[in-house]
Amino acid sequence: MNNVLDAKTGVKDTMPTVLGYVGIGTAFGIIAHTNGFSPLETFIMSLLVYTASGEFVLVSMLPAGSSLFSIFAATNLMSARMLLMTMTLAPKFKDEKLIKNLWLGSLVTDETFALAITKLNYTKGELNYEWLNAANLLAYAAWCLSSLFGALIGSVITDTKALGLDYAVVAMFLGLLYLQLITDQSVKIELQLVMIGVTMVLTYLGLIFLPASVATIVVTVVGCLVGMVIKHVFFE
């Protein structure tokens, strides 16, 4: 990764995350096929819904006969964390037209958000439309095509865990976390390590008492507040 902010570099910076999309997207396609969805239906769902967790919910709840309202509520709750992510990036695009910002926001994912946060360490806090749009589009294409691929081979492969596909996203985020740690000069490494530990503890406790979708948002907000206190008390 470097400080260049153009479309070509956006594609290049996003390429290492593609394997993560391929892994989890293929797993989703296989599960969708197992639950009775055709390759075309799976592909259209990925094109229109484009939220991994929400799509996994959809292919589980629809065959079970769940109401449209409950499916809508569950899908939106699973994706509510994206509001926090896009709000974090929004100030970087305040000079762009509204339509461009809406387009960028609709395609931001956990992975492209993490890439954007890491990119800020190389560009002195700058981002632009060309770079993020290219990153978003590559991620979007990788997810949609891999979910289609999974649906097509779903009749051949039925056990995604046997292939280790469910670990692909975890491995990708570990790589992004490492990259963030070694490049972020704005926060002391000691504070970053402390916050990793705090986040792990909060996540563990949150998953005990809260649904996973709610826990993500609560841990994010509480973690930010705890981080501010720790930084003020121990690192200033």
Legend entry - W143 and E111: side chain donor to acceptor below 3.5 Å: no
Atom [atom1] of [X]: over 12 foreign heavy atoms under 6.0 Å:
| X | atom1 | value |
| --- | --- | --- |
| F234 | CZ | no |
| L68 | CG | no |
| F56 | CZ | yes |

Inset, instruction - Kindly indicate whether the side chain of V22, heavy atoms from C-beta on, has any atom under 4.5 Å from the side chain of F149. - result: no
Legend entry - Point-to-point distance, once rounded to the nearest 0.5 Å, from CE of M82 to OG1 of T88: 10.0 Å
Inset, instruction - State the CE-SG distance between M195 and C224, to the nearest 0.5 angstrom. - result: 7.5 Å
Are any side-chain N or O atoms of [X] and backbone N or O atoms of [Y], one a donor and one an acceptor, separated by less than 3.5 Å?
| X | Y | answer |
| --- | --- | --- |
| Y21 | S146 | no |
| T86 | L83 | yes |
| T118 | A114 | yes |

Inset, instruction - Answer yes if F69 and M61 sit in the same cluster of Ile, Leu, Val, Met, Phe, Trp and Tyr residues linked by side chain heavy atoms under 4.5 Å apart, and no otherwise. - result: no
Inset, instruction - Can you spot which of L104, T123, L127, N128 makes a side chain to side chain contact (heavy atoms under 4.5 Å, CB included) with K92? - result: L127
Legend entry - L132 to F93 - nearest heavy-atom pair and separation: CD2-CZ, 3.6 Å
Inset, instruction - Mind listing the closest non-hydrogen atom pair of F37 and P63 along with its distance? - result: CE1-CG, 3.9 Å
Inset, instruction - Tell me, please, whether Y129 has K100 positioned over its six-membered ring: NZ or CZ under 6.0 Å from the ring centre and within 45 degrees of its axis? - result: yes
